[in-house]
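Only this structure's heavy atoms are used, side chains among them; waters, hydrogens and symmetry mates stay out.
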Amino acid sequence: MAQQKKGLIARMLEGKERSEEYARSTLPTNRWQLFWDIFKGNFGKLVKINLLTLLFFVPVVAVVLFRVLSNEAVGYTEPFGANLGVGYPVAPNMQGRSELLTFWNNIPFFLLLLVAAVIAAVGLAGGMYVVRNMVWTEGIFVANDFWRGVKLNFKNALQTTLFFVAILGFTTLTANMADYARVGGMLSKTQSTMLTISTVVGYVMLGLAACMSFWMIALGVNYKMGVLTLFKNSFLMSIGMFPQTIFFGVLALLPFGLIAIGGQGIFMAAGIIILLLFGLAYALLVWLDFAQWAFDKYINPKIQGAKVGRGIYDRNAVSADGDNSEASLEYQRVILAAGKSQLVARPIKPIDDDLRVYDLPTSYTREDLKKLRESKETIAADTEAYIEEHKNDERYVEYNRQFDEREKALKEAEQGKKHRKRKTPKILQDEKDKKNK
């Protein structure tokens with residue numbers, strides 16, 4: 001029966017992921033291919049996700065613009081450039097005033113930024129949930145899944161945004177106070193050196209907090225864990241995979257980098273356009289795709305029931321660590337369900353001799369039926385003899401061996417997933433579990 005063609009509304013509602021042509025075997029074979037597959041094939045959905053997420057980041061943008069305009073206003077109103085060789089009007093001593101004003105202006109800025117972070121957490125929770133499902137190659141409805149993600153992941157997103165803003169505010173304010181104390185001229189050389197060291201340490205902490213925030217997003221949307229466990233695991237992942245974290249963090253934040261280094265030029269304009277179209281969704285896609293690779297490599301194989309290689313098609317069925325992707329197992333089941341091809345599994349005698357089935361005449365006798373039976377028996381015996389003679393040919397032996405190995409590997413993989421007990425990795429043990437022990 002011919003496949004029924006779906007209408008426009010059905011195609012819009014279901015999308016490519018849920019169409020009948022979709023097959024596990026068409027999945028990409030690594031995370032780089034998966035990224036490009038999602039980016040090219042679901043660009044429209046990424047734009048929708050970005051717009052929904054960006055909507056809740058508007059307060060953050062507003063607070064940052066308010067801070068920039070406030071700094072410019074202070075620069076215009078304060079007499080920093082007065083009394084330069086003219087002698088009038090007389091200005092008070094301006095030493096340290098700029099640093100002090102910066103400190104006092106930053107206090108309301110970070111308080112407002114904390115409030116804006118609560119609103120931004122709503123968009124972050126929905127966006128990271130939808131993008132994670134895309135990385136898992138699950139069918140999605142952007143709006144429905146976005147609000148479902150808000151419901152499921154708001155707590156994690158809120159922890160992440162408040163944590164980063166709190167560390168950013170603390171580091172910035174302490175650096176402002178260090179600058180004010182340093183320009184006062186009342187510090188000894190040792191005290192000035194200690195302040196410089198403390199400032200550097202503060203910025204290192206800020207960089208570590210940024211890495212931890214990335215991992216908090218990925219861990220929170222993939223695993224269920226308490227607050228302390230989330231902080232501990234994000235710290236361990238940041239330290240254990242520091243080079244990869246820096247590389248993919250920078251790669252994810254490229255649109256923001258264009259805005260930062262662009263000044264007033266074309267790079268800044270390009271960065272703003274990218275940010276408005278797909279910047280936030282792109283950042284989430286890059287990071288969650290990389291994080292899924294890390295989880296599949298270090299965490300998921302050690303957790304009972306955890307799926308490895310979601311969204312990735314493994315043609316080898318069994319990985320180097322003996323773990324099987326869901327896509328690969330599904331592909332193997334399809335092949336085995338079809339059974340061995342009898343045209344390949346055993347020899348078939350070609351019709352190249354004079355053996356024929358006896359043709360019954362229009363009016364036949366018992367003797368004709370006997371000749372018919374004998375001709376069939378002769379052909380069957382000749383066929384069996386041919387099979388016995390060629391059954392050990394290399395092509396038949398190799399095909400049956402590969403098929404049997406495939407069947408055995410699938411059976412062991414499925415039994416291992418059902419019965420093998422794996423110890424939960426130390427990185428994912430909750431503090432509550434330790435107390436129960």
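Within 6.0 Å of atom CZ in F110, more than 12 heavy atoms from other residues, nucleotides or ligands are found, so the atom counts as buried in its surroundings.
Side-chain contact between L46 and M134 is present, with heavy atoms from C-beta onward closer than 4.5 Å. At a threshold of 4.5 Å between non-hydrogen side-chain atoms, the residues Y223 and N300 count as touching. Counting heavy atoms from C-beta on, the side chains of N222 and W136 come closer than 4.5 Å. L51 has its side chain out of reach of L55: every pair of non-hydrogen atoms, C-beta onward, lies at least 4.5 Å apart. Two residues are said to be in side-chain contact when any heavy atoms from C-beta on lie closer than 4.5 Å; F103 and Y180 fail this criterion. The shortest distance between side-chain heavy atoms of L112 and V115 does not fall below 4.5 Å. Side-chain contact between L285 and F278 is absent, with no heavy atoms from C-beta onward closer than 4.5 Å. Side chains of I38 and F43 form no contact here, defined as non-hydrogen atoms less than 4.5 Å apart.
Taking the ring centroids of F66 and F109, they lie at or beyond the 6.0 Å cut-off. For F248 and F214, the gap between ring centers reaches or exceeds 6.0 Å. The ring of F35 has its center no closer than 6.0 angstrom to the ring center of W32.
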If you apply the rule side chain to side chain contact (heavy atoms under 4.5 Å, CB included), what do you find for N153 with I217, and how did you get there?
CA-CA 9 Å; N153 298 291; I217 292 173; over 6 Å; no
Working note: K232 + L236, criterion side chain to side chain contact (heavy atoms under 4.5 Å, CB included); need CA distance, chi angles, decisive distance, verdict.
CA-CA 6 Å; K232 181 193 71 174; L236 293 176; 4.2 Å; yes
Derivation of the side chain to side chain contact (heavy atoms under 4.5 Å, CB included) call for F146 and T53:
CA-CA 9 Å; F146 183 89; T53 306; 3.8 Å; yes
Any chance you could lay out the side chain to side chain contact (heavy atoms under 4.5 Å, CB included) test for I274 and F256, step after step, and finish with the verdict?
CA-CA 9 Å; I274 292 174; F256 302 91; over 6 Å; no
Apply side-chain hydrogen bond (donor to acceptor under 3.5 Å, both in side chains) to D145 and N133, showing your working.
CA-CA 9 Å; D145 289 340; N133 288 350; 4.5 Å; no
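Annotation: the span from L54 atom CG to L275 atom CG amounts to 6.0 Å, rounded to 0.5 Å. In this structure, CE in M216 is found 9.5 Å from CE in M128, a value given to the nearest 0.5 Å. To the nearest 0.5 angstrom, L288 atom CG is 8.5 Å from F295 atom CZ. The structure places CD of Q292 at 10.0 Å from CD1 of I299, a figure rounded to the nearest 0.5 Å. The structure places CG of D179 at 9.0 Å from CG of L195, a figure rounded to the nearest 0.5 Å. Here the OG1-CG distance, from T137 to L34, works out to 7.0 Å after rounding to the nearest 0.5 Å.
Closest heavy-atom contact between N50 and G279: OD1-N, 3.2 Å. Taking all atoms of both residues into account, the shortest heavy-atom contact from P301 to V308 is N-CG2, 4.0 Å. In terms of heavy-atom proximity, A252 sits nearest to A283 at O-CB, 3.3 Å. V60 and L113 make their closest contact through CG1-CD1, 4.0 Å (heavy atoms, listed as atom of the first residue, atom of the second, distance). Taking every heavy atom of both residues into account, F154 and V122 meet most closely at CE1-CG2, 3.6 Å. Contact record, D296 with R31: OD2-NH2, 2.8 Å, taken as the closest heavy-atom pair.
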Name each donor-acceptor pair under 3.5 Å that joins a side chain in residues 237-247 to protein atoms two or more places apart or in another chain, with its distance.
residue	atom	partner	partner atom	Å
S238	OG	M212	N	3.4
S238	OG	S234	O	2.7
T245	OG1	W215	NE1	3.0
T245	OG1	M241	O	2.7

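When the side-chain contact (heavy atoms from CB on, under 4.5 Å) test is applied to A117, the partners found at least two apart in sequence or on another chain are T161, L162, V165. Not counting sequence neighbours, the partners of I273 by the side-chain contact (heavy atoms from CB on, under 4.5 Å) test are L277. Considering only residues two or more places apart in sequence or on other chains, Y129 meets the side-chain hydrogen bond (donor to acceptor under 3.5 Å, both in side chains) condition with R148. Every residue two or more places apart in sequence or in another chain that forms a ring-ring contact (aromatic ring centres under 6.0 Å, His included) with F163 is listed here: F231.
At least one donor-acceptor pair under 3.5 Å links the side chain of R132 to the backbone N or O of V221. Looking at N30, its side chain does come within 3.5 Å of a backbone N or O of Q33 through a donor-acceptor pair. In this structure, the side chain of T172 engages the main chain of L168 through a donor-acceptor pair within 3.5 Å. For the pair N156 (side chain) and A125 (backbone), a donor-acceptor distance under 3.5 Å is absent.
We find that E138 and R310 are joined by a salt bridge, their nearest charged nitrogen and carboxylate oxygen being less than 4.0 Å apart.
For the side chain to side chain contact (heavy atoms under 4.5 Å, CB included) criterion with W104, the lone passing option out of N106, I107, T102 is I107.
The list of side-chain hydrogen bond (donor to acceptor under 3.5 Å, both in side chains) pairs with a residue in residues 197-206, not counting sequence neighbours, is empty.
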